[in-house]
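Taking it in order: structure first as structure tokens, then the write-up.
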Protein chains: 2
Amino acid sequence: MKKVDTSKGAHSRTADAQKLTMAEVAKYVGVSAMTVSRAFRQDASVSEETRKRIMEAVDALGYVLDQSAGSLSSRRTGFIAALVPSINNSNFSDTARGITDALENTGLQLLLGYTDYSAEKEEQLIESMLRRRPEGIILTGGAHTPRARRMLEKAGIPVVETWEIPEDPVNHVVGFSNSEAMSLLVRELANKGYRKFGYIGGTTARDTRGSQRRSGFLKTVEDLGLGPGRMISFGVPPITMEQGGQAIVSMLERWPDTEVVLCVSDLSAFGALMECQRRGLRVPQDIAIAGFGDYEISSICHPRISTINVDCYGIGRQAAARLLDALQDGGDVAGDITLTSYRVVLREST
Amino acid sequence: MKKVDTSKGAHSRTADAQKLTMAEVAKYVGVSAMTVSRAFRQDASVSEETRKRIMEAVDALGYVLDQSAGSLSSRRTGFIAALVPSINNSNFSDTARGITDALENTGLQLLLGYTDYSAEKEEQLIESMLRRRPEGIILTGGAHTPRARRMLEKAGIPVVETWEIPEDPVNHVVGFSNSEAMSLLVRELANKGYRKFGYIGGTTARDTRGSQRRSGFLKTVEDLGLGPGRMISFGVPPITMEQGGQAIVSMLERWPDTEVVLCVSDLSAFGALMECQRRGLRVPQDIAIAGFGDYEISSICHPRISTINVDCYGIGRQAAARLLDALQDGGDVAGDITLTSYRVVLREST
DNA sequence: GCGAAATATGTTATCGATATCATCGCCGTC
DNA sequence: GACGGCGATGATATCGATAACATATTTCGC
């Protein structure tokens with residue numbers, strides 16, 4: 001890693017000193033600042049002729065609207081805040097993309113933050129987001145610190161919690177029951193004849209969706225009379241592909257006769273699958289594996305992985321849509337719950 | 001997908017009407033607004049006693065600082081803008097995370113946008129970002145529309161282009177030569193004895209880094225006297241895992257004696273690898289496969305994929321660091337080029 | 001113990017846009 | 001032809017914080 005200085009592109013920050021304001025554009029055109037302001041909005045009444053002249057001046061001078069100033073006086077920042085646990089996880093980046101797409105052409109801009117699955121970090125982020133006075137906020141999950149919750153309630157903006165169904169929602173919810181989804185997968189696999197079930201997940205409750213999946217698994221295995229589920233907890237959530245591989249090794253050492261292993265996500269399932277191949281185990285004959293989330297990888301790898309398909313992108317789109325509804329109606333909308341779809345996808349790995 | 005109304009969490013936007021301002025906190029405490037403002041900054045001179053009383057009031061009232069107002073008067077928005085082609089690609093989300101991490105505790109907040117590999121979309125995004133008056137901006141690549149370039153130059157803020165080395169940089173650069181990296185991979189594989197080289201990539205030049213990798217491949221194969229490289233172009237960049245699978249099928253139909261296939265990214269390489277397994281081809285004996293980017297998947301799958309490791313996270317961290325340097329020095333820093341490291345990682349797939 | 005420097009706090013103007021209300025033509029209608 | 005209404009534009013106050021300067025109070029060195 002070396003550094004090379006070049007005089008090219010040198011460029012002092014204060015040089016062209018972007019001092020340009022609306023008033024100067026106005027003077028240049030020979031109208032008032034107010035008229036320039038109006039020209040930037042499509043609903044305002046400005047003659048076509050004037051607007052054209054203004055826009056030409058804007059182009060010529062290189063003026064760029066200053067929304068910080070605008071939002072102070074209009075009391076509309078045009079921001080929507082969204083917090084996701086991690087952006088490196090494609091499930092959540094799909095949700096983020098859904099939000100972005102739904103916001104396109106609304107004039108709203110997304111302020112995105114990563115909580116790293118930590119409620120404390122979430123609290124910090126909520127505060128720093130609220131300082132920007134967003135018009136709405138989208139969160140992942142329903143577990144918040146008390147202070148975070150207070151701030152949210154006091155903010156006076158629509159709040160959407162996603163990806164799960166909190167017991168006591170703040171406001172709107174767009175998501176599904178992770179435990180029921182996992183339960184459905186267990187039942188379908190039991191129907192296929194599997195009896196000895198194992199589960200691989202992270203060690204703590206930091207990942208609330210992961211915990212819900214786990215409890216759905218445990219309960220359903222019990223309900224079906226298939227004895228206590230075999231549980232390997234490995235690594236701090238979210239667990240990686242590699243940890244999935246290590247976990248299945250532990251599983252097979254401890255309970256060699258396990259027939260099928262369900263994983264908290266497709267990522268660990270994939271790691272487990274590859275580790276089995278490396279060890280010469282046949283999947284699903286020697287051991288069957290299933291994941292959760294239907295990541296792209298699961299439909300591509302060989303054998304393909306059985307999983308639960310979740311509408312990640314749709315969660316984002318709908319969360320944004322609920323927010324837009326609420327903003328439209330002047331905020332008189334009561335909280336509601338929008339359930340999103342999921343489905344079991346059985347493939348060659350089970 | 002159904003909707004369930006609940007009266008719970010109902011919550012009208014105008015109810016608690018977050019009218020709370022600094023002045024009211026000030027009145028509550030019995031000091032001036034200015035003192036409250038000072039209490040929020042660590043460098044300001046406020047007695048410990050007063051600050052404590054103010055913070056208690058802030059807590060009690062639930063006041064949240066309004067940065068939109070603050071940044072108007074201080075002329076510091078605390079925003080850094082960053083544009084990446086896609087957030088669903090883990091290489092770029094790693095870069096985004098690098099930026100976020102580097103910005104932690106600087107009081108700066110990231111405004112993130114996705115260009116979808118489109119220069120037009122990038123132009124739009126640059127404009128909407130500049131409206132927020134960011135203090136610096138990080139871009140991916142060096143291909144911008146003329147208007148985008150003009151806006152960037154006029155903005156008077158530090159600009160960092162990343163992930164490649166533009167011929168004519170706007171300002172700072174943090175990246176590496178994609179063509180040289182690919183060239184290095186070709187040479188190492190040639191050293192291992194491979195002679196008949198194929199390449200899989202997307203169909204258009206939208207993905208400039210992809211194009212650079214391709215030209216690095218072609219040139220090096222020629223230079224080594226290994227005849228014209230065999231090229232399969234498939235799909236609009238960025239190409240998916242599935243398209244990688246389809247592409248290798250075309251490759252082997254057209255040039256069945258191909259010995260090694262290089263892919264524009266690990267994702268397509270993985271798709272190709274899995275498709276080979278599905279068809280009973282042995283990798284690397286029947287066909288060797290290499291990727292680019294060293295995604296997590298490549299070190300986990302079986303066989304593991306040879307690739308170029310790129311310091312995605314480091315690109316983000318360093319880009320942010322260059323920006324912080326420039327902000328620190330009052331912007332009198334000339335543009336410079338920071339080269340980031342990459343290395344060939346040979347694994348079982350070649 | 002006195003003046004200078006440092007500390008703590010207040011006052012006022014201001015950042016750059018927009019809400020609001022006022023103004024001025026112009027058109028059409030009864 | 002007078003009046004109501006609408007379209008286009010301008011003047012002024014204001015959004016909520018902070019910069020800059022002013023002032024009061026304390027600290028400290030010699």
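Predicted, not measured: the structure shown is a model, and the values here were computed from it. In what follows, chains carry the letters A, B, and so on, assigned in the order in which the sequence lines appear, proteins first and then strands, with residues in each chain numbered from 1.
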Sorted by number, the residues of residues 51-59 of chain B with heavy-atom contact under 4.0 Å to DNA chain C
none

Should the pair E48(B)-R51(B) be classified as a salt bridge under the 4.0 Å nitrogen-to-oxygen rule?
yes

S47(A) side chain N/O closer than 4.0 Å to the phosphate oxygens (OP1, OP2) of dT9(D)?
yes

In short, salt bridge (charged side-chain N to carboxylate O under 4.0 Å, His left out) pairs touching residues 69-86 of chain A with sequence neighbours left out are R76(A)-E135(A)

Is R41(A) touching bases, backbone alone, or none of the nucleic acid, heavy atoms closer than 4.0 Å?
sugar-phosphate

Y63(A) has a side chain; which of dA17(C), dG16(D), dG10(D) sits nearest to it?
dA17(C)

Where protein sits on nucleotides 23-28 of chain C, one letter per nucleotide: B base, S sugar-phosphate only, - none, heavy atoms under 4.0 Å:
------

Hey, does S71(B) reach any base, or is it just sugar-phosphate, or nothing, if we go heavy atoms under 4.0 Å?
nothing

Using only heavy-atom distances, decide whether a donor-acceptor pair under 3.5 angstrom links the side-chain of R38(A) to the base of dG10(D).
yes

Hey, can you pull the residues of residues 24-37 of chain B with a non-hydrogen atom under 4.0 angstrom from DNA chain C?
V31(B), S32(B), M34(B), T35(B)

With sugar-phosphate meaning primed atoms plus P, OP1 and OP2, does S68(B) contact a base, only sugar-phosphate, or nothing at under 4.0 Å between heavy atoms?
nothing

What is the distance, to the nearest angstrom, from the CD atom on Q67(A) to the P atom on dA17(C)?
11 Å

Each nucleotide N or O in nucleotides 13-15 of chain D that has a protein N or O under 3.5 Å away: list the pair and distance.
unit_1: dC15(D); atom_1: O3'; unit_2: R75(A); atom_2: NH2; d: 3.3
unit_1: dC15(D); atom_1: O2; unit_2: S73(A); atom_2: N; d: 3.2

Show me the protein contacts with nucleotides 23-26 of chain D, counting only N or O atoms at under 3.5 Å.
none

